[in-house]
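Before any comments, here is the structure.
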Protein chains: 2
Amino acid sequence: MKKSTSTQDYLKHIYELSEGGEPASTNDLARVLKVKPASVTGMVQKLANEKPALVEYQKHQGATLTPVGKKAALEVLRHHRLLETWLVQTLGYSWAEVHEEAEKLEHVISEDFERRIAAALGNPTRDPHGELIPTPDLKMPQDDSASLSSLRSGQSATILRVNEDPNLLRHLDELGLIPGIRLMVTGYSPLDNNLTIKVEKKSFVLGLNITTKIFVEVEK
Amino acid sequence: MKKSTSTQDYLKHIYELSEGGEPASTNDLARVLKVKPASVTGMVQKLANEKPALVEYQKHQGATLTPVGKKAALEVLRHHRLLETWLVQTLGYSWAEVHEEAEKLEHVISEDFERRIAAALGNPTRDPHGELIPTPDLKMPQDDSASLSSLRSGQSATILRVNEDPNLLRHLDELGLIPGIRLMVTGYSPLDNNLTIKVEKKSFVLGLNITTKIFVEVEK
DNA sequence: GTCAAAATTTAGGTAAGACTAAATTATTTT
DNA sequence: AAAATAATTTAGTCTTACCTAAATTTTGAC
């Protein structure tokens, strides 16, 4: 059954917040959905009472997705990430600009539209930020990336993904540290966990705050 | 101020229904909006009481747009027609398939998005059906097309636009009678107003039901 | 000009999904 | 373990835009 925009947003954010294993708390949901906590309680209760249930919910314990809810969440996520990829590639949006537009479009496009852009893009597996795109049958692929912070001197890697924080995004864009770029670690300081990395001809020293938010594929 | 999807739909349809000069009647609006007449009355009253008012409304007399309402309607129409053009040109949608998808997208795209697709398409003035696209400053261009039914033997013309009736659309698509195609009138029957037209190597005899719904630019 | 049919409006309801304020439960500090 | 604080839920409203049923107005036929 077709879900409302609001329902889709709740499911998407419950998915993202509970990826770490912990249920999504009422307060966290309220924050990301820009809604008051009392509203979240009401909505989450409603979603738990649908048949089939979309979320698993126990008072004061937060919310997790049922298999049905998870499918619906991955559908929205697939829409979102395909749309971002497509807006960047066909309309010249920058890497940082696409989020808001995709946020609105993700709720209204048809399955046909989804198939068409996926095909037009050559069925990509990651969006411009490097986030994995759920498969057409709505499974989330295994993420085999490692955090840049785990590398040490001498290792080379290719950037797969960066965290979606807008400020960080802009900063990394300026430095040229974007998905697809190859880098080498040339130094490591055990005291502050700073890494020195070399990209093309340039070197940067990056702190843990940044290196934990860049994900790479290490060269064997 | 940003209008709701519902408001945008009302304005768009009031615009279309009142193009002939007559106000849009409650019943006609109910029919095209797929809503009960009582709901139309309520909504139209609401739109007339906004400040600034979007529609002009007198009980039992139907609705027309105020200048403010007309701008809003043309904005939606511009979105719709740009989207149709774009879906056809970039995603391989057929001429007949795009309407429904554009109907949903038109309400959610940003002004930035509108500018980007207009630019990507080379600022087109007509959509795939040949309908005029409102200008960026939201004026409807003058339509200088003539009805095919007004032509007589010997005249040549290029198809600019065909009526948006889905059945007719499919029929004309099969015959190859689409915007951009050049044709010549080779015969006219005063009794039934049938026209014989020749397109490339083929000839067709078309009745008034069809010829009044094809609009052309006549060669001088 | 009257009367029936068609069109329109009024009145009263419903469903989503948000909000505020107040009450309750959990957690942390001492 | 009691008190203070934080998180969550309940209860009651509000808005938007739809609905049905009943009442009214307009129109068209005679």
Side-chain angles (χ1 to χ4, degrees), chain A residues 1-14 17-18 20 22-65 69 72-73 76 103-104 106-108, chain B residues 1-14 17-18 20 22-65 69 72-73 76 103-104 106-108:
Chain A
M1 193 192 321
K2 186 60 166 58
K3 275 95 190 165
S4 71
T5 293
S6 201
T7 295
Q8 291 182 21
D9 276 335
Y10 272 85
L11 296 176
K12 185 176 70 167
H13 284 115
I14 292 169
L17 288 174
S18 60
E22 290 302 291
S25 77
T26 300
N27 254 13
D28 287 352
L29 278 170
R31 186 175 37 75
V32 298
L33 289 163
K34 295 177 171 46
V35 136
K36 297 289 177 272
S39 306
V40 172
T41 300
M43 190 63 168
V44 161
Q45 287 175 341
K46 198 195 118 195
L47 296 177
N49 290 328
E50 310 231 314
K51 344 178 245 187
L54 300 171
V55 321
E56 191 75 48
Y57 171 67
Q58 296 278 95
K59 273 189 189 183
H60 299 98
Q61 305 308 130
T64 55
L65 296 175
V76 182
E103 199 84 354
K104 292 180 295 184
E106 67 188 10
H107 304 297
V108 302
Chain B
M1 191 193 320
K2 186 59 167 59
K3 276 94 190 163
S4 71
T5 293
S6 201
T7 295
Q8 291 183 19
D9 276 334
Y10 272 85
L11 295 176
K12 185 176 69 166
H13 283 115
I14 292 169
L17 288 174
S18 60
E22 290 302 291
S25 77
T26 300
N27 254 13
D28 287 352
L29 278 170
R31 186 174 37 76
V32 299
L33 289 163
K34 296 179 172 46
V35 138
K36 297 289 176 271
S39 306
V40 172
T41 300
M43 188 65 168
V44 161
Q45 287 174 340
K46 199 193 116 197
L47 296 176
N49 290 328
E50 310 232 315
K51 354 179 235 186
L54 300 171
V55 320
E56 191 75 48
Y57 172 67
Q58 297 276 95
K59 272 189 190 182
H60 299 100
Q61 304 308 128
T64 55
L65 296 175
V76 182
E103 199 83 355
K104 292 180 296 183
E106 67 188 11
H107 304 297
V108 302

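Please read these numbers as outputs of a predicted model, since none were measured by experiment. In what follows, chains carry the letters A, B, and so on, assigned in the order in which the sequence lines appear, proteins first and then strands, with residues in each chain numbered from 1.
- Positionally, the nearest nucleotide of DNA chain C for B:K59 lies more toward the 5' end than for the other of B:K59 and A:A38.
- Atom P of nucleotide C:dA16 and atom CD of A:E50 are separated by 9 Å, given to the nearest angstrom.
- Across all strands, A:S39 comes closer than 4.0 Å to base atoms (heavy-atom distances).
- Across the protein-nucleic acid pair, B:L54 atom CG and D:dT16 atom P stand 13 Å apart, rounded to whole Å.
- Counting non-hydrogen atoms under 4.0 angstrom, A:T41 reaches a base of the nucleic acid.
- Across all strands, B:V35 comes closer than 4.0 Å only to sugar-phosphate atoms, never to a base (heavy-atom distances).
- Between C:dT8 and B:Y57, no contact under 4.0 Å exists linking OP1 or OP2 to a side-chain N or O.
- Atom CD in B:Q58 sits roughly 14 Å away from atom C1' in C:dT8 (whole-Å rounding).
- The interatomic distance linking B:K36 (NZ) with C:dT9 (C1') rounds to 16 Å, in whole Å.
- Not one side-chain nitrogen or oxygen of B:N27 sits closer than 4.0 Å to the OP1 or OP2 atom of C:dA6.
- When all heavy atoms of B:S18 and B:A63 are compared, the closest pair comes out as CB-O, 4.4 Å.
- If you check D:dT8, D:dA17, C:dT8 against the side chain of B:S25, the one that comes closest is C:dT8.
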